[in-house]
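What you see below is based on every heavy atom in this structure, not just the backbone, and it leaves out hydrogens, waters and symmetry mates. Treat the numbers as computed from the prediction; the structure is a model and nothing was measured.
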Amino acid sequence: TPYHAGHVLGACMFLIDIKALKDLLDPDKDFPSRPACMPDTRVSTLQKIADWLDNASTRFLWLHGAAGSGKTAIARSMQERMHDLARLGAYMRFERGKSDPNNVIRTLAYKLGFTGQQITDSIADIFKGADVKSLPLKDQFKLLQESLADSVNVESGPLLIIIDALDECGTARSRRD
C-alpha cells in the first residue's frame with residue numbers, strides 16, 4: 001500500500017541519517033547488555049525512580065551502592081520501562097578499560113539521535129560545522145544542549161538518560177582530567 005511504502009521509505013531514510021550521525025560523531029561502541037531485574041524484584045526501587053521522573057524537582061538522580069548491589073540491573077529495568085513508554089532518551093553503559101571519557105558526549109549525542117528524526121537532524125546540524133573530536137568536553141556538551149533546546153518533544157514527559165557505570169569510564173587519571 002502507499003502508506004506502507006512511505007513508512008518503509010521514511011524508516012530507511014532515518015537509518016541512513018543515523019549512520020551519517022555515527023560517522024560524524026564517532027561514538028564509543030556499545031558493550032554487551034547486562035540483565036534487568038528479575039520479575040517482581042526491586043519493585044519499590046523501580047517505582048520510586050519512576051515517581052521521581054514524573055515529579056522531579058532536580059534533573060539528576062544518582063543511584064549508588066556497593067559493587068554487585070544491582071545498580072546495573074535497576075538501570076536496565078528502567079531502560080526497558082522508559083523505552084516502552086517512549087521516554088528513553090539514551091542508555092549508556094561503560095566498561096573499565098574499554099570506554100574513553102573523551103567520547104562520552106559524542107556517544108550520548110549519537111544515542112539521543114535514536115529518539116527520532118527531529119533530534120537526529122538537530123544534532124547533525126549543530127555538530128556538522130565543528131571538528132567535534134578536537135573540542136573540549138564542555139564545548140561538546142554546549143553543542144549538545146544547543147541541539148536539544150528546540151528539538152525535544154516532552155508531551156509524554158521528560159526523556160530519561162541513563163549513564164551506567166560512569167566510574168568505569170577510562171582510567172583513574174582520565175576520569176580526574
Side-chain angles (χ1 to χ4, degrees), residues 11 13-37 45-46 49-54 56 58-64 70-96 98-128 130 132-133 135-170 175:
M13 294 306 295
F14 179 67
L15 290 175
I16 290 169
D17 291 344
I18 288 292
K19 169 78 171 89
L21 192 63
K22 182 176 184 178
D23 292 343
L24 174 69
L25 297 173
D26 189 27
D28 265 349
K29 68 176 186 135
D30 278 328
F31 297 105
S33 205
R34 300 269 173 97
C37 298
T45 301
L46 295 170
I49 295 170
D51 292 344
W52 165 82
L53 185 61
D54 288 333
T58 66
R59 293 183 179 206
F60 298 96
L61 174 69
W62 179 29
L63 182 62
H64 55 91
K71 299 178 300 293
T72 293
I74 291 168
R76 283 278 295 121
S77 293
M78 288 308 299
Q79 175 198 16
E80 291 174 0
R81 183 183 284 193
M82 293 298 109
H83 179 269
D84 292 347
L85 296 173
R87 291 180 59 189
L88 180 65
Y91 174 85
M92 298 173 55
R93 186 175 66 79
F94 298 102
E95 286 196 9
R96 187 173 303 273
K98 296 181 182 178
S99 303
D100 182 352
N102 293 313
N103 296 341
V104 170
I105 302 301
R106 294 191 328 263
T107 302
L108 179 57
Y110 171 67
K111 290 185 175 274
L112 282 164
F114 282 91
T115 61
Q117 187 70 53
Q118 185 178 4
I119 291 176
T120 300
D121 292 345
S122 181
I123 291 170
D125 288 346
I126 296 291
F127 279 83
K128 244 183 233 170
V132 73
K133 289 184 198 176
L135 290 175
L137 288 176
K138 67 178 182 172
D139 293 338
Q140 290 180 31
F141 186 70
K142 286 178 186 174
L143 287 175
L144 180 58
Q145 284 180 305
E146 185 180 332
S147 69
L148 296 176
D150 296 321
S151 64
V152 177
N153 177 359
V154 293
E155 288 178 16
S156 63
L159 293 177
L160 181 64
I161 297 172
I162 300 171
I163 301 175
D164 187 19
L166 184 59
D167 61 322
E168 300 288 325
C169 186
R175 286 190 297 273

| request: Using a 4.5 Å cut-off on heavy atoms from C-beta on, say whether the side chain of Arg87 contacts that of Asp54. | output: yes

| Spatial distance of atom CG (Leu148) from atom CD1 (Ile123) [nearest 0.5 Å] | 5.5 Å

| request: For the residue pair Ile74 and Leu46, establish whether any side-chain heavy-atom pair is separated by less than 4.5 Å. | output: yes

| task | Mark yes or no for whether Ser122, through its side chain, and Gln118, through its backbone, hold a donor-acceptor pair below 3.5 Å. | result | no

| field | Pairwise side-chain contact, His83 with Glu80, heavy-atom cut-off 4.5 Å (strictly under) | value | no

| field | Nearest-0.5 Å distance that lies between atom CG in Leu21 and atom NZ in Lys128 | value | 10.0 Å

| Nearest heavy-atom neighbours spanning Arg76 and Arg34 | NE-O, 2.6 Å

| said: With a 3.5 Å distance limit and no angle check, can you tell me whether Gln140 reaches the backbone of Val132 through a side-chain donor-acceptor pair? | reply: yes

| Taking C-beta and beyond as the side chain, do Leu53 and Met82 meet within less than 4.5 Å on heavy atoms? | yes

| query | Where do Ala90 and Lys111 come nearest, in terms of heavy atoms and distance? | reply | CB-CB, 3.8 Å

| Interatomic distance, Asp17 atom CG to Leu24 atom CG [nearest 0.5 angstrom] | 11.5 Å

| task | Measure the spacing between CG of Leu85 and CG of Leu160 and express it to the nearest 0.5 Å. | result | 10.5 Å

| Within a strict 4.5 Å, meaning less than it, do heavy atoms of the Val104 and Met92 side chains meet? | yes

| Considering all heavy atoms, the nearest Leu135-Ala130 contact | CD1-CB, 3.9 Å

| query | Roughly how far, to the nearest 0.5 Å, is CD1 of Ile161 from CZ of Phe60? | reply | 8.5 Å

| message | To check you understand the geometry: which heavy-atom pair defines the closest contact between Thr72 and Arg93, and what is its length? | response | CG2-CD, 4.2 Å

| query | So, does Ser77 use its side chain to make a donor-acceptor pair with the main chain of Cys37 at under 3.5 Å? | reply | yes

| task | Might you point out which heavy atoms bring Tyr110 and Leu25 nearest each other, and give the distance in Å? | result | N-CD1, 3.5 Å

| query | Given side chains that start at C-beta, do those of Met78 and Tyr91 come closer than 4.5 Å, heavy atoms only? | reply | no

| query | Between the main-chain N or O of Asp28 and the side-chain N or O of Asp100, is there a donor-acceptor pair closer than 3.5 Å? | reply | no

| query | Is it true that a side-chain atom of Thr107 and a backbone atom of Pro27 form a donor plus acceptor pair closer than 3.5 Å? | reply | no

| Any idea which heavy atoms bring Phe94 and Ala165 closest together, and the distance? | CB-O, 3.3 Å

| query | Taking atom CG of Leu144 and atom CG of Asp139, what is their separation to the nearest 0.5 Å? | reply | 12.5 Å

